[in-house]
Structures are given as structure tokens and as C-alpha cells.
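So the structure is just underneath, and the comments pick up after that.
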Amino acid sequence: MYDKIDNIYNDYKTYIETNSKYGTRVVKYNTNTSTHFPLVTCIVSDNISTNECTIDKIEEYEAYYFTLNFYAKNKTRGTNIVVASQVIIDELVWLTQKYFVDKLNMKKTQNKPVPNIDTSILRQVMQFQCYIGKARGNIIRR
């Protein structure tokens with residue numbers, strides 16, 4: 001099962017780092033030592049083993065929750081162009097929504113700004129839920 005989670009993380013990381021215009025870095029865990037912004041932390045926050053089966057009674061599944069934290073600072077591009085941190089966050093939210101919902105058919109359960117201790121860094125949290133089959137390791141439904 002962890003291979004499936006690692007594949008989702010690695011694919012998401014590649015997708016964001018390739019498609020983001022602002023040099024975003026994606027990491028698995030927040031070590032609170034990063035000075036690189038924008039930054040996304042992708043954490044599998046919970047996995048719940050269930051005894052429930054799919055509708056056709058073929059396979060049991062586990063529920064997984066992916067929690068993504070977006071951190072951004074205002075960024076200077078070129079000589080005098082300043083990109084607001086909210087613009088960067090909006091791009092990351094859009095790309096993440098496209099990946100997790102449109103591509104993987106997961107359910108978005110949270111998307112909200114969160115106060116940050118360092119007020120110069122904007123933070124937003126998104127969470128997605130999916131069910132992964134125990135036997136085949138595929139995303140069954142949302």
C-alpha cells in the first residue's frame with residue numbers, strides 16, 4: 001500500500017515542480033528549516049483500515065487523507081515585478097485541485113487559509129480523501 005502512496009507523492013511532486021511558474025518545492029514532511037518559498041508539504045495524515053467492502057463486495061479498502069500545506073512569500077521577478085504570495089498560493093491550489101480531483105478522482109475535504117506564526121509567510125491547507133483497495137492497491141472511489 002505504501003508503494004501506491006509513494007507513487008502518488010512522487011507523481012504529484014513532479015507535476016507541481018514542472019507546472020508551477022514560481023519554482024515551487026514539494027517535500028514529504030515539514031522540518032520547519034526550509035528557507036525556500038514557495039513550499040508545499042504533502043503528508044498522508046491518516047489511514048483508516050476498514051472492514052467495509054466495495055459496493056460489488058469484491059474488495060476491502062482503506063481510507064487515506066492527504067494533507068497539503070502551501071507556504072508562500074511575495075516573490076520578486078525580473079527587476080521590479082513583485083508577485084503577491086496569494087497569487088502563488090492560488091496557482092498551487094488550482095494545480096493541486098487539478099491533480100487530486102481531476103486526475104485521481106479524490107474528494108476535497110478542506111481548503112482554507114491558516115494563520116502562520118511568521119506573518120510574512122502566507123499559509124493555506126488543503127486535504128483530500130480517497131479509498132484504496134487492499135488487494136489491488138487501486139483508488140476505488142471517492
Side-chain angles (χ1 to χ4, degrees), residues 1-55 58-142:
M1 197 64 60
Y2 292 107
D3 290 341
K4 180 70 174 178
I5 302 302
D6 280 342
N7 288 342
I8 291 170
Y9 166 75
N10 290 329
D11 194 32
Y12 172 73
K13 178 179 178 168
T14 302
Y15 178 77
I16 292 295
E17 290 179 353
T18 302
N19 292 302
S20 176
K21 296 184 270 187
Y22 304 107
T24 302
R25 194 169 139 225
V26 179
V27 296
K28 274 190 180 180
Y29 308 105
N30 187 2
T31 60
N32 292 322
T33 59
S34 180
T35 56
H36 179 90
F37 295 99
L39 176 70
V40 178
T41 62
C42 179
I43 303 163
V44 178
S45 60
D46 203 1
N47 69 333
I48 301 167
S49 183
T50 66
N51 291 328
E52 297 181 36
C53 291
T54 56
I55 294 171
I58 293 176
E59 172 170 30
E60 290 184 356
Y61 59 84
E62 293 180 338
Y64 284 86
Y65 296 88
F66 291 83
T67 303
L68 297 118
N69 292 280
F70 305 103
Y71 301 93
K73 282 184 160 185
N74 292 345
K75 191 170 186 110
T76 305
R77 297 187 80 177
T79 54
N80 294 326
I81 301 170
V82 176
V83 179
S85 54
Q86 186 62 56
V87 171
I88 297 168
I89 293 284
D90 289 345
E91 181 208 43
L92 292 172
V93 165
W94 182 78
L95 288 170
T96 300
Q97 169 91 13
K98 197 171 162 124
Y99 179 80
F100 280 101
V101 175
D102 296 347
K103 182 177 179 186
L104 297 179
N105 199 28
M106 290 188 188
K107 178 181 179 184
K108 180 171 60 175
T109 58
Q110 181 181 10
N111 181 17
K112 66 178 183 178
V114 176
N116 201 30
I117 292 174
D118 184 348
T119 56
S120 69
I121 301 170
L122 188 63
R123 179 179 176 207
Q124 188 152 333
V125 176
M126 288 183 89
Q127 187 176 60
F128 297 90
Q129 175 190 27
C130 72
Y131 299 105
I132 299 179
K134 290 182 182 179
R136 293 176 283 175
N138 58 333
I139 296 176
I140 299 171
R141 61 187 174 98
R142 56 185 202 143

Residues which pass side-chain hydrogen bond (donor to acceptor under 3.5 Å, both in side chains) with Asn116, listed by chain and number, not counting sequence neighbours: none
Approximate separation, where rounding is to 0.5 Å, of Leu95 CG and Phe70 CZ: 9.0 Å
Distance check, rounded to the nearest 0.5 Å: Lys103 atom NZ versus Lys98 atom NZ? 11.5 Å
With the side chain counted from C-beta on, respond yes when Tyr22 and Val87 share a heavy-atom pair under 4.5 Å apart, and no when they do not. yes
Which residues satisfy the ring pair (Phe, Tyr, Trp, His ring centres under 6.0 Å) test with Phe100, sequence neighbours excluded? Tyr12, Phe66, Phe128
Mark yes or no for whether Glu91, through its side chain, and Lys21, through its backbone, hold a donor-acceptor pair below 3.5 Å. yes
In terms of heavy-atom contacts, Ser85 and Asn74 come closest through N-OD1, 2.8 Å
Donor-acceptor pair, side chain of Thr96 and main chain of Leu92, under 3.5 angstrom: yes
Are the side chains of Tyr64 and Met106 in touch, meaning some heavy atoms are under 4.5 Å apart? no
What's the shortest heavy-atom distance between Arg25 and Val27, and which atoms? NH2-CG1, 3.6 Å
Under the side-chain hydrogen bond (donor to acceptor under 3.5 Å, both in side chains) rule, collect the residues that match up with Thr119, sequence neighbours excluded. none
Nearest-0.5 Å distance, CD1 of residue Ile121 to NZ of residue Lys73: 5.0 Å
Run the salt-bridge test on Asp6 and Lys28 with the 4.0 Å N-O cut-off and return the result as yes or no. yes
Donor-acceptor under 3.5 Å (Asp11 side chain, Asn7 main chain): no
Rounded distance [0.5 Å steps], CD in Gln124 versus CG in Asn69: 10.5 Å
If only atom types and distance count, is the side chain of Thr24 paired as donor or acceptor with the main-chain N or O of Pro38 below 3.5 Å? no
Rounded to the nearest 0.5 Å, what's the gap from CE on Met126 to NZ on Lys112? Could you check? 13.0 Å
Could you pull out the closest heavy-atom pair between Thr18 and Thr14, with the gap in Å? OG1-O, 2.6 Å
Kindly compute the distance separating SG (Cys130) from CD1 (Ile5), expressed to the nearest 0.5 Å. 6.0 Å
For the backbone of Tyr65 and the side chain of Gln127, can you confirm whether one donor and one acceptor N or O come within less than 3.5 Å of each other? no
